[in-house]
Amino acid sequence: MIALADCNNFYASCERVFNPMVRSKPVVVLSNNDGCVIARSNEAKALGIQMGAPAFKHRHIFEKHGVEIFSTNFALYGDFSSRVMSILAESAPQIEIYSIDEAFMDYSGLPDPVEHAQNVRCRVKQWTGIPVSIGLAETKTLAKVANRIAKKEIESNIFHLYCPYDIKDYLKKLPVSKLWGVGRHYTRKLELYGIRTAHELTQRSDSWIQKHMSVVGLKMVKELRGVPCFDLETIWQRKQSICTSRTFGEEVQHFSQLAQALSTYAAMCGTKLRKQGSCAGIITIFILTNPFKHQYRNNYKGIRTIRLITPTNDSLEIVSASIAALRSIYRSDCIYKKAGIIASEIVPQSQVQLSFIDDIRDIKKRQHLMQAEEAVNDRYGKMKVRFAVNGYERKWQLKQERLSSCYTTQMSELLRVRA
DNA sequence: TCTGGGGTCCTAGGACCC
DNA sequence: TCTGGGGTCCTAGGACCC
């Protein structure tokens with residue numbers, strides 16, 4: 001059994017612990033430069049303040065209702081997070097810290113998981129002051145659903161979603177857009193196909209889902225049907241990429257201003273790399289104009305990736321590489337609003353390509369290929385099988401006899417070797 | 001006037017090698 | 001000279017998460 005603990009209105013709750021005066025007032029936390037809303041207390045939500053909304057749009061609400069406004073204090077939130085996580089970690093043999101305010105836990109084999117969750121919730125609240133909601137279910141995706149219910153509908157903030165009948169009932173009420181793994185693009189796409197609720201999505205065939213939402217979407221739907229596809233990731237892993245970027249308080253135009261900002265970000269990136277004990281083999285620099293400002297006809301996004309000859313985490317080296325990259329994307333006729341750097345380790349690609357001479361009109365053969373592809377994907381998860389399609393008819397006719405046995409042999413060969 | 005920062009994974013195509 | 005089979009590596013973009 002999986003439990004998902006999620007802190008309620010996390011940043012807002014942290015501010016409240018530190019400022020008892022604002023406990024009964026609506027609270028919002030604003031992003032860098034006080035740009036947009038990134039956390040809201042329940043009272044603020046009730047006033048209709050939207051997540052991610054630019055702060056200026058809500059100024060009148062803030063004033064009218066005496067909303068308490070905070071700028072982000074990530075050091076404070078990080079500190080609260082680690083305290084909460086260590087309490088949660090004591091409650092379960094396995095824990096996956098999913099984000100600053102969320103963790104999945106293995107609650108298998110407990111006689112009364114709901115009571116256990118209640119005790120844990122109590123302890124976190126008492127020792128840190130942070131309220132958490134806990135959802136319990138058989139898969140991570142269902143635990144997400146359960147958590148949503150716990151937070152919105154259950155006074156105790158604990159909910160166990162287990163009875164198949166209940167699951168179906170709740171999924172019928174849940175809009176697809178609220179699912180973990182369905183964002184606004186998939187929502188629109190699914191609606192075009194007449195799919196509005198999570199339950200309707202689970203009724204589609206596996207091949208349909210994979211075709212329209214890739215293997216990730218398919219795994220998510222299988223989890224909704226109660227089949228675990230995402231394991232608990234309990235081992236800490238180094239980040240594959242580290243990003244430092246900022247929106248400027250004021251727009252900048254000169255190269256020197258960008259260079260100065262990027263030097264700072266590059267140095268910060270180096271610090272982060274050293275902290276996690278890794279080196280960057282690749283760095284990517286980007287500069288952006290303001291996409292919300294339409295008077296710039298030449299809305300510009302400059303991006304450049306360079307491969308370092310020797311991977312490094314030395315700030316000076318990263319800074320000088322960044323400035324060199326900046327030179328190649330800088331345009332003097334633009335006014336910039338944001339810049340950043342992404343440092344990545346070189347990740348070995350787990351791709352396998354199989355090439356075939358194929359005729360896309362032969363439906364039966366394509367079905368065979370898809371089955372084979374599915375088998376490989378199932379088994380290796382990340383690995384990818386590619387079929388190079390060549391509709392050149394003459395070739396196809398010449399080779400037709402050999403093909404069917406050809407790909408099955410290759411596939412079994414591949415499976416054997418990789419196993 | 002004013003719109004965040006930091007991540008992950010998958011798809012698809014192309015260049016190039018023997 | 002052309003075709004085939006088996007590969008690697010890279011780039012760009014799209015989708016999602018908190």
Side-chain angles (χ1 to χ4, degrees), chain A residues 6-7 10-11 29-39 50-59 71-72 74 77 81 97-103 140 144 177 179-189 210-220 230 233 237-251 265 268-269 272 282 284 288 290-293 301 303-305 307 337-344 346-357 377 381-390 392 394-395 398-399 402-403 406-407 409-410 413-414 417:
Chain A
D6 188 328
C7 301
F10 184 54
Y11 299 164
V29 179
L30 303 183
S31 62
N32 178 34
N33 297 323
D34 292 346
C36 54
V37 177
I38 58 168
Q50 296 296 312
M51 181 72 165
F56 70 87
K57 276 192 181 168
H58 287 313
R59 286 287 172 211
S71 298
T72 50
F74 283 107
Y77 311 148
S81 176
I97 297 173
Y98 178 69
S99 72
I100 192 163
D101 69 336
E102 269 178 77
K140 285 170 111 176
K144 273 274 186 187
S177 60
L179 283 170
W180 188 40
V182 177
R184 71 174 205 280
H185 285 94
Y186 281 156
T187 300
R188 204 170 52 207
K189 186 169 177 179
Q210 175 155 358
K211 185 178 162 206
H212 292 95
M213 304 176 73
S214 90
V215 292
V216 185
L218 180 57
K219 284 184 182 174
M220 182 267 289
F230 301 120
E233 283 163 30
Q237 306 239 352
R238 280 201 297 261
K239 301 253 182 292
Q240 294 173 23
S241 65
I242 285 177
C243 175
T244 305
S245 68
R246 293 286 182 281
T247 299
F248 304 135
E250 285 178 4
E251 297 179 323
Y265 307 156
M268 289 162 77
C269 237
K272 292 186 197 172
I282 293 174
T284 300
L288 308 174
N290 187 346
F292 297 101
K293 237 180 181 176
K301 178 178 180 182
I303 180 162
R304 173 137 167 80
T305 298
R307 181 175 278 270
K337 185 64 179 167
K338 180 173 178 174
I341 168 172
I342 305 168
S344 325
I346 300 166
V347 184
Q349 296 215 349
S350 50
Q351 264 193 18
V352 172
Q353 295 180 32
L354 297 182
S355 304
F356 295 95
I357 296 180
N377 274 334
K382 276 172 117 177
M383 200 166 68
K384 176 173 168 181
V385 182
R386 283 169 52 169
F387 302 106
V389 175
N390 184 341
Y392 190 32
R394 190 175 58 84
K395 286 183 200 163
L398 283 173
K399 299 292 172 189
R402 289 173 48 200
L403 268 174
C406 171
Y407 80 76
T409 323
Q410 283 174 341
E413 203 53 19
L414 178 77
V417 172

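All values reported here derive from a predicted model rather than from experimental measurement.
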> Mind checking whether Phe230(A) and Trp180(A) have parallel, tilted or perpendicular rings, split at 30° and 60°?
Replying inline: perpendicular
> Atom NE2 of His212(A) and atom C1' of dG14(C): how far apart are they, to the nearest Å?
Replying inline: 16 Å
> To the side chain of Trp180(A), which of dT3(B), dC17(C), dC10(B) is closest?
Replying inline: dC17(C)
> Do Tyr77(A) and Asp101(A) have side chains that get closer than 4.5 Å, going by heavy atoms?
Replying inline: no
>> Mind checking if Asp34(A) touches a base, just sugar-phosphate, or nothing, with heavy atoms under 4.0 Å?
In response: nothing
>> Heavy atoms from C-beta onward define the side chain here; which of dG4(B), dC10(B), dC18(C) lies closest to that of Val216(A)?
In response: dC10(B)
> Using a cut-off of 4.0 Å on non-hydrogen atoms, how would the nucleic acid contact of Lys272(A) be classed: base, sugar-phosphate, or nothing?
Replying inline: sugar-phosphate
> So, for Cys243(A) and Lys272(A), which heavy atoms are closest and what is the spacing to 0.1 Å?
Replying inline: O-NZ, 3.1 Å
> OP1 or OP2 of dG6(B) sitting under 4.0 Å from any side-chain N/O of Ser245(A)?
Replying inline: yes
> Of all the nucleotides listed (dG6(B), dG5(B), dC10(B)), which has the minimum atom distance to the side chain of Thr244(A)?
Replying inline: dG6(B)
> Between Cys243(A) and Ala55(A), who's closer to the 5' end of DNA chain B by nearest nucleotide?
Replying inline: Ala55(A)
> Given dC17(C), is OP1 or OP2 found less than 4.0 Å from the side-chain N or O atoms of Ser99(A)?
Replying inline: no
> Atom CD of Gln240(A) to atom P of dG6(B): distance rounded to whole Å?
Replying inline: 18 Å
>> Please tell me if Gln210(A) has a side-chain N or O lying less than 4.0 Å from either OP1 or OP2 of dC10(B).
In response: no
>> Nearest whole Å is fine: how far is dA15(C) C1' from Lys189(A) NZ?
In response: 10 Å
> Between dC18(C), dC16(C), dG4(B), which nucleotide has the shortest distance from any of its atoms to the side chain of Tyr186(A)?
Replying inline: dC16(C)
> Looking across every strand, which nucleic acid part, if any, lies under 4.0 Å from Ile242(A) by heavy atom: base, sugar-phosphate, or nothing?
Replying inline: sugar-phosphate
>> Can you see if the side chain of Arg307(A) gets near the phosphate of dC10(C) - specifically, an N or O under 4.0 Å from OP1 or OP2?
In response: yes
>> Once rounded to the nearest 0.5 Å, what's the spacing between atom CE of Met220(A) and atom OH of Tyr186(A)?
In response: 9.0 Å
> Just how far, in rounded Å, is P of dG5(B) from CD1 of Ile341(A)?
Replying inline: 15 Å
> Once you round it to whole Å, what is the distance between P of dT8(B) and CZ of Phe230(A)?
Replying inline: 16 Å
> Hey, does Asp6(A) have a side-chain heavy atom less than 4.5 Å from the side chain of Glu102(A)?
Replying inline: yes
> With a non-hydrogen cut-off below 4.0 angstrom, is Arg184(A) in contact with a base, only sugar-phosphate, or nothing?
Replying inline: sugar-phosphate
> For the pair made of CE in Met213(A) and C1' in dG14(C), what is the distance, rounded to whole Å?
Replying inline: 13 Å
> Among dG4(B), dC18(C), dA15(C), which nucleotide sits nearest the side chain of Lys144(A)?
Replying inline: dC18(C)
> Would you say dG6(B) has OP1 or OP2 under 4.0 Å from some side-chain N or O of Ser241(A)?
Replying inline: no
>> Whether Ser31(A) contacts dG5(B) is assessed here as follows: a side-chain N or O lying under 4.0 Å from the phosphate OP1 or OP2. Is that the case?
In response: no
>> Between P on dC9(B) and NZ on Lys219(A), what's the gap in Å once rounded to a whole number?
In response: 10 Å
>> Let's see if you can work this out: which of dC16(C), dG6(B), dT8(B) has an atom nearest to the side-chain heavy atoms of Arg246(A)?
In response: dG6(B)
> Does NZ belonging to Lys189(A) count more than 12 external heavy atoms closer than 6.0 Å?
Replying inline: yes
> Think Lys337(A) has a side-chain N or O under 4.0 angstrom from the OP1 or OP2 of dC2(B)?
Replying inline: no
> Hey, which of these two, Lys239(A) or Ser214(A), hits DNA chain B nearer its 5' end, going by closest nucleotide?
Replying inline: Lys239(A)
>> Any heavy-atom pair between the side chains of Ile341(A) and Met268(A) that's under 4.5 Å?
In response: no
> Any side-chain N or O of Lys301(A) under 4.0 Å from OP1/OP2 of dA12(C)?
Replying inline: no
> Atom CD1 of Ile303(A) to atom P of dT11(C): distance rounded to whole Å?
Replying inline: 11 Å
>> Please confirm whether the shortest side-chain N or O distance from His185(A) to OP1 or OP2 of dG14(C) is below 4.0 Å.
In response: no
> Reckon Tyr98(A) touches a base, only the sugar-phosphate, or nothing at all at heavy-atom distances under 4.0 Å?
Replying inline: sugar-phosphate
